[in-house]
Amino acid sequence: MALKHYEVVFIVTPVLSDSETTEAIAKFENHLKEAGADVYSSEGMGLKKLAYPIAKKTTGHYHLFEFKADPSIIAKFELELKRDESILRFLTVSLDKHGVDFNERRRNGEWTKKSETEEKTA
């Protein structure tokens, strides 16, 4: 079966220390790599306020993985996320060609701030 592009965003409980949060994220990244996925991006978005309380928590550490994998491993990966008590919520999305293109351009820094030389000439 052909490999597909995915991205998963998950929220880690804020109760964990920084090292425990890093371990939890590394555990899921290793799980993807062991299953044969190519992880393109692992991006921490930091501690953010939740829109509504989840398990009596009002904040959480957001993290995003972008990867390419066989669709059969997604169910196993999501089961691991469900079993881990440190994960409050997660969302896995299959990307189409436009999403893949957008993420590639974002990773390459196309939307970062303009350099000082560009600002002076404008």
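Quick caveat, the model's predicted, so the values are computed rather than measured. Note that these values count all heavy atoms, side chains included, but never hydrogens, waters or copies made by symmetry.
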I74 and Y6, any side-chain heavy atoms less than 4.5 Å apart: yes
Residues, nucleotides or ligands: over 12 heavy atoms within 6.0 Å of E110 CD: yes
Linked, directly or transitively: V8 and V39 (ILVMFWY side chains, under 4.5 Å): yes
Counterpart residues, salt bridge (Lys or Arg N to Asp or Glu O under 4.0 Å), relative to E29 (two or more places apart): K33
Side chain to side chain, F28 and I87, heavy atoms closer than 4.5 Å: yes
D84 (side chain) donor-acceptor with S86 (main chain) under 3.5 angstrom: yes
CG/N108: more than 12 non-hydrogen atoms of other groups inside 6.0 Å: yes
Test item: D70 side-chain N/O and I73 main-chain N/O as donor-acceptor pair under 3.5 Å: no
Point-to-point distance, once rounded to the nearest 0.5 Å, from CG of D38 to NE2 of H5: 9.0 Å
Pairwise side-chain contact, E43 with E7, heavy-atom cut-off 4.5 Å (strictly under): no
Residues clustering with M45 (ILVMFWY side chains joined when closer than 4.5 Å, directly or via others): V9, I11, L50, Y52, I54, Y62, L64, L88
H61 to P14 - nearest heavy-atom pair and separation: CD2-CA, 3.9 Å
Carboxylate-amine/guanidinium contact R83 E78, below 4.0 Å: no
Spacing of NE2 belonging to H31 relative to CG belonging to L79, to within rounding of 0.5 Å: 8.5 Å
Heavy-atom pair with the smallest gap, counting every atom of F67 and A37: CD1-CB, 4.1 Å
Atom pair CZ/CG of R89 and L81 - distance to nearest 0.5 Å: 13.0 Å
Option among F77, F90, F10 that satisfies the ring pair (Phe, Tyr, Trp, His ring centres under 6.0 Å) test with F65: F10
Within-4.5 Å side-chain heavy-atom neighbours: V93 and L91: yes
Side chains of K97 and D101 in contact at under 4.5 Å (non-hydrogen atoms): no
Short N-O contact, K27 and E80, less than 4.0 angstrom: no
Check against side chain to side chain contact (heavy atoms under 4.5 Å, CB included), E66 and R106: CA-CA 12 Å; E66 183 188 349; R106 183 179 53 84; 4.3 Å; yes
Test item: side-chain donor near acceptor, H63 and S42, under 3.5 Å: yes
Gap separating the CD atom of E23 from the OG atom of S17, nearest 0.5 angstrom: 7.5 Å
